[in-house]
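The structure under discussion appears below in the form of structure tokens.
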Amino acid sequence: MAQASEQFGVDPQIIVAIIGVETFYGRITGGYRVLDALATLSFYYPDTGNDRSDFFSRELMQFMLLGDEEGLPLREVSGSYAGAMGLGQFMPSSYREYAVDLDGDGRRDLWSSMPDIIGSVANYLHRHGWQPGRPVAQPARVAPDADMSLVARRDFKAQKTLAELEAAGFTIDAPAPDAGMAEQSGEGGDRVTVVRLEEEDGDRHWITFENFYVITRYNRSPLYAMAVFELSEEIRAGFGE
């Protein structure tokens with residue numbers, strides 16, 4: 001973990017949290033034959049009005065190429081109903097692009113090599129722009145006249161400054177250390193956006209930073225990103241950091 005965190009510049013608690021959210025640390029990696037799953041979704045995609053058969057056809061081809069590269073027994077590999085594999089649940093294209101051989105045995109093994117699993121998750125986040133030591137999200141106060149049109153719905157890319165959001169009625173109760181509140185860079189500090197999440201006791205708003213957006217590159221759901229973030233904070237607290 002220390003090696004991957006240093007080599008790829010990703011906070012270790014985030015790596016641990018993603019593996020936990022994805023597969024409960026290897027307990028739930030999926031029981032579908034990946035070849036069957038990808039072939040079914042390529043040629044028999046359900047009529048939902050959102051045909052993604054082209055995507056899965058490409059993933060099927062990537063899976064075949066991956067099998068040749070890594071020596072995988074394609075008829076035996078199991079994963080999720082959508083074809084995601086290993087403890088980090090990589091689709092075949094992501095496996096080929098981002099998986100790394102951190103243990104140096106000549107294979108990228110995302111099932112049984114913890115160095116490869118940890119390094120691959122770290123590399124994925126690194127390649128998508130993770131900023132080590134920077135904040136992810138903070139609860140927001142919302143003024144009665146806040147400009148709700150600024151609340152992100154599909155694109156969670158951080159594009160505003162904290163000052164701009166404050167002027168629009170969104171403020172942070174207790175900024176994270178080094179959260180870019182000051183005009184540090186001459187460009188208003190960190191870029192942020194506002195996210196609204198439905199929780200048990202009602203909607204809650206968060207000001208999210210670029211690292212939150214990076215987590216949504218792993219899974220586009222903001223609820224997923226928040227689950228990863230909140231678990232990572234519990235992990236960090238558990239280690240007394």
Side-chain angles (χ1 to χ4, degrees), residues 1 3-4 7-8 10 14-130 154 156 213-225 227-228:
M1 183 65 69
Q3 178 187 348
Q7 180 174 337
F8 297 106
V10 178
I14 293 290
I15 303 170
V16 177
I18 282 186
I19 298 171
V21 172
E22 286 291 343
T23 61
F24 199 9
Y25 302 108
R27 292 178 176 88
I28 307 170
T29 57
Y32 296 87
R33 285 207 315 176
V34 170
L35 185 62
D36 292 346
L38 293 176
T40 300
L41 292 170
S42 296
F43 300 109
Y44 304 100
Y45 196 87
D47 184 12
T48 61
N50 180 29
D51 187 356
R52 300 187 66 204
S53 58
D54 285 348
F55 167 79
F56 288 104
S57 295
R58 293 192 297 271
E59 291 297 330
L60 178 59
M61 181 59 70
Q62 293 286 327
F63 182 59
M64 293 178 177
L65 294 170
L66 178 67
D68 183 60
E69 293 168 355
E70 301 296 332
L72 297 178
L74 296 185
R75 294 179 181 273
E76 301 174 17
V77 175
S78 63
S80 76
Y81 70 91
M85 298 171 286
L87 271 69
Q89 291 290 277
F90 277 32
M91 292 297 289
S93 59
S94 293
Y95 200 129
R96 294 188 69 217
E97 180 69 20
Y98 302 109
V100 298
D101 176 23
L102 200 64
D103 63 10
D105 68 352
R107 295 182 61 244
R108 299 179 296 174
D109 179 0
L110 300 190
W111 287 272
S112 57
S113 170
M114 287 309 301
D116 290 2
I117 294 161
I118 291 166
S120 298
V121 171
N123 185 45
Y124 189 101
L125 295 171
H126 165 70
R127 293 273 299 277
H128 284 83
W130 184 265
R154 295 181 64 86
F156 305 102
Y213 173 76
V214 172
I215 299 173
T216 67
R217 301 306 86 197
Y218 208 102
N219 182 307
R220 295 182 184 276
S221 166
L223 291 171
Y224 172 92
V228 167

* **Minimum heavy-atom distance S120-F90, with the two atoms named** => O-CZ, 3.6 Å
* Structure fact -> Taking every heavy atom of L102 against every heavy atom of Q3, the minimum-distance pair comes out as CD1-NE2, 3.6 Å
* With the side chain counted from C-beta on, respond yes when V228 and E22 share a heavy-atom pair under 4.5 Å apart, and no when they do not. => no
* Sub-4.5 Å side-chain heavy-atom contact between L66 and Q62 -> no
* Got a sec: does the CE of M61 have more than 12 other heavy atoms crowding it under 6.0 Å? -> no
* Asked: Taking all non-hydrogen atoms of both residues, which atom of V214 and which atom of H128 are closest, and how far apart?
  -> CG2-O, 3.4 Å
* Taking atom CG of L87 and atom CD1 of I28, what is their separation to the nearest 0.5 Å? -> 11.0 Å
* Structure fact -> Rounded to the nearest 0.5 angstrom, the OH-CE distance for Y25 and M114 is 9.5 Å
* **R58: partners by side chain to side chain contact (heavy atoms under 4.5 Å, CB included), with sequence neighbours left out** => D54, F55
* Heavy-atom donor-acceptor pair, R108 side chain to Y98 backbone, under 3.5 Å -> no
* Side-chain donor or acceptor of D103 paired with backbone N/O of P115 under 3.5 Å -> no
* Nearest-0.5 Å distance that lies between atom OG1 in T23 and atom CE in M85 -> 13.5 Å
* **Donor-acceptor under 3.5 Å (D101 side chain, D105 main chain)** => yes
* Non-hydrogen atoms of S112 and I117 that approach each other most closely -> N-CD1, 4.3 Å
* Given side chains that start at C-beta, do those of W130 and I215 come closer than 4.5 Å, heavy atoms only? -> yes
* Asked: So, D51 versus S53: side-chain donor-acceptor pair below 3.5 Å or not?
  -> yes
* Asked: Taking T29 for the side chain and G26 for the main chain, is one N or O donor matched with an acceptor at less than 3.5 Å?
  -> no
* Asked: Atom CG in L72, atom CG in L65: separation rounded to 0.5 Å?
  -> 12.0 Å
* Go through the steps to decide whether F56 and M91 satisfy the test side chain to side chain contact (heavy atoms under 4.5 Å, CB included), and finish with yes or no. => CA-CA 10 Å; F56 288 104; M91 292 297 289; 4.1 Å; yes
* Within 45° of the six-membered ring axis of Y224 and under 6.0 Å from that ring's centre, is NZ or CZ of R220 located there? -> no
* Sub-4.5 Å side-chain heavy-atom contact between F8 and L125 -> no
* Structure fact -> Distance col, row I18:CD1 vs Y124:OH, nearest 0.5 angstrom, shows 9.0 Å
* In terms of ring plane angle, is the pair Y32 and Y81 parallel, tilted or perpendicular, where the classes change at 30° and 60°? -> perpendicular
* To do: Would you give the length of the straight line joining atom OG1 of T40 to atom CZ of R33, rounded to the nearest 0.5 angstrom?
  => 10.0 Å
* Considering all heavy atoms of both residues, which atom of S80 and which atom of A37 are nearest to each other, and what is their separation? -> O-CB, 4.0 Å
* Asked: Which pair of non-hydrogen atoms, one from G31 and one from S78, has the smallest distance, and what is that distance?
  -> C-CB, 4.4 Å
* Hey, does E59 have a side-chain heavy atom less than 4.5 Å from the side chain of Y95? -> no
* Close side-chain approach of L60 and L35, heavy atoms under 4.5 Å -> yes
